[in-house]
Amino acid sequence: MWFREKRSLAMTKYVFVTGGVSSSLGKGLTASSLGRLLKSRGLKVTMCKLDPYLNVDPGTMNPGEHGEVFVTDDGGETDLDLGHYERFIDESLSKISNTTTGSIYSNVIAKERRGDYLGKTVQVIPHVTDEIKERIRRQGTLGADVVIVEIGGTVGDIEIVPFIESIRQFRRDAGRDNVCYVHLTLVPYLAPSGEQKTKPTQHSVTELRSRGIQPDIIVCRSDQPISDSLKRKISLLCDVPMKAVISAVDEESIYDIPVTLHHEGFDTIVCDTLNIDLDEHPIDLAPWESVVRRVHNTTSTLRIGIVGKYVTMPDAYLSVGEAVRHAGFGIGAKTTIEWLEAERVPSEIDAERLGQFDGIIVPGGFGERGIEGMIATARIAREHDIPYLGICLGMQIQVIEFARHVLGLSDAQSTEFTHSSSAPVISLLTEQLDVTDLGGTMRLGAWPAMLDEGSQVAELYGTTVVSERHRHRYEFNARYRDQFEAAGLRCSGNSPDGRLVEFVELPGHAFFVGTQAHPEFKSRPDRPHPLFVGLIKAAALRAEGREPHIIDPSTVDATL
Ligand code: GLN
């Protein structure tokens with residue numbers, strides 16, 4: 001039956017995931033888990049997110065408030081949920097995988113100005129809804145069998161109304177069998193009465209129905225499993241079959257979620273709703289289950305300190321945290337991350353305290369706050385042989401630190417923070433060279449780099465040609481390259497034209513590596529990123545020194 005199993009579906013199918021009751025219920029993870037389950041059934045899956053806020057894209061949003069800006073290969077600055085999508089379905093998404101009300105309206109208004117609407121009154125229905133449907137339909141032209149569309153926000157929000165209306169219309173346009181509505185709600189446990197409550201779910205479904213959508217499946221988030229009698233109640237009150245009430249309990253790891261949801265029958269009922277033949281698309285969850293085994297079979301614990309600016313909101317560095325965990329899975333180590341406020345280094349968080357970590361990361365960031373604390377962190381890591389990975393701003397920091405304390409350029413700085421430094425070791429490319437071919441001011445998306453033969457980074461990547469995603473304005477100032485190299489900081493990876501320094505490393509140090517890119521965006525649970533693997537291996541060696549035999553770094557398997 002191989003020919004049937006390999007066959008693509010005749011029509012693209014669409015799953016719409018909405019949320020009710022409360023935000024932060026894990027809609028993105030539920031949608032991503034479904035994506036993984038459908039992919040495990042041999043279906044081609046793509047995913048996208050519709051965000052009802054008015055920003056044109058999340059690029060200008062404060063990560064301390066909104067969480068990380070996830071960058072795609074084509075330079076899209078997108079919502080962090082796209083990171084979950086990529087990590088779970090292992091497909092590279094693009095700019096068009098994230099749409100906001102702001103981007104919809106800018107397009108509609110631009111069309112109106114051009115006269116495209118031929119003098120008609122431009123209205124939310126049909127013009128805005130048509131634009132939203134067009135964005136969804138575009139996803140369906142990319143060759144996927146199933147497009148999973150997550151609607152940001154919760155039903156009942158003012159901004160969400162045009163999106164709900166659009167997806168309601170979409171079923172009529174695409175055909176009943178080609179659309180499935182999944183609604184995620186919260187089933188809270190009330191301790192005083194010792195009961196789980198369905199009322200918020202009922203209200204949320206009522207709200208959705210008032211907009212013309214009857215959900216096909218209700219996914220109930222709760223801290224305890226939902227009993228059959230409760231499922232029966234939700235089934236009756238919300239008018240879905242009992243098997244379409246899915247219990248989604250809190251899990252120890254986010255990577256457990258696809259397995260749990262599969263056991264709840266989630267993917268089966270989605271396929272039934274979409275008329276996808278389960279015999280033609282049997283599930284093979286074995287590869288994912290082996291990821292899950294690695295997540296739980298950890299024999300040691302490594303402590304990683306992340307020194308940054310937005311540490312009170314760890315979602316600001318979501319992909320960095322996941323990349324650390326993935327690398328840990330690779331060597332059977334649990335990684336505990338401590339988020340450290342850069343401004344507290346070195347006064348409150350000193351060398352002794354930092355020395356308790358097995359590895360340190362200074363992640364990306366913008367703006368001056370905390371810079372001196374990060375520089376102090378890099379200095380402590382370099383001088384005390386603590387494994388250090390510098391990501392984007394974190395690399396710029398280690399370059400500034402090295403310039404100040406090894407090259408003796410005591411006021412070395414980035415021109416992002418001052419123009420009065422006599423040693424601008426990090427600066428804008430336009431300040432360094434006469435370059436006009438860079439387009440916008442920000443270097444965004446995938447850029448290739450050539451790694452020096454025999455360098456530490458080339459060893460880790462196992463190749464000398466790599467591509468990583470970028471999101472920054474400032475660069476290593478090539479005028480200082482020889483000075484750095486003479487003092488031992490190797491510029492081990494460069495842009496193919498040799499103009500841009502992409503990687504630095506310090507031979508002889510336990511691990512002192514920096515990259516101008518954001519490698520965290522390409523790490524996957526079953527394919528940890530080489531640079532994070534390098535950090536974690538070095539961290540394991542350091543931990544081994546402290547508590548011998550807790551781990552054997554020679555067993556590290558970066559490829560899984
Ligand atoms: N602020 C720095 C720059 O613009 C670093 C950016 C980042 O870490 N993403 O170059």
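The one candidate from I426, V504, I375, I371 that meets the side-chain contact (heavy atoms from CB on, under 4.5 Å) condition with Q396 is I426. When each of V15, D145, N178 is checked for a side-chain contact (heavy atoms from CB on, under 4.5 Å) with L274, only V15 meets the rule. Evaluated for a side-chain contact (heavy atoms from CB on, under 4.5 Å) with K27, the options H183, E150, R221, H84 yield exactly one hit, E150. For the salt bridge (Lys or Arg N to Asp or Glu O under 4.0 Å) with E86, the lone residue among R36, K522, R469 that qualifies is R469.
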Task: Verdict with reasoning, L50 to I104, per side chain to side chain contact (heavy atoms under 4.5 Å, CB included) - done: CA-CA 10 Å; L50 306 179; I104 298 280; over 6 Å; no

Task: Candidate pair S523 and R325, rule side chain to side chain donor-acceptor pair (under 3.5 Å), full reasoning - done: CA-CA 10 Å; S523 176; R325 286 182 200 108; over 6 Å; no

TODO: Carefully, step by step, assess V240 and Q214 under the rule side chain to side chain contact (heavy atoms under 4.5 Å, CB included).
DONE: CA-CA 9 Å; V240 296; Q214 164 64 39; 3.7 Å; yes

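For the pair D130 and K111, the salt-bridge criterion is not met [side-chain N within less than 4.0 Å of a carboxylate O]. Ion pairing between R527 and D90 holds under the 4.0 Å rule for side-chain N and carboxylate O. Remark: E77 engages R471 in a salt bridge, criterion side-chain N to carboxylate O under 4.0 Å.
The ring of F88 has its center closer than 6.0 angstrom to the ring center of W288. The aromatic ring centroids of Y85 and F70 lie 6.0 Å or more from each other. Aromatic pair Y117/H127: ring centres closer than 6.0 Å.
At least one donor-acceptor pair closer than 3.5 Å links the side chain of R209 to the backbone N or O of C238. S204 contributes no side-chain N or O that, together with a main-chain N or O of P200, makes up a donor-acceptor pair within less than 3.5 Å.
Side chain to side chain, T415 and S427 fail the donor-acceptor criterion of an N or O pair below 3.5 Å. In this structure, a donor-acceptor pair under 3.5 Å is absent between the side chains of E468 and T515.
Annotation for R114: atom CZ counts as buried by contact number, over 12 foreign heavy atoms lying within 6.0 Å.
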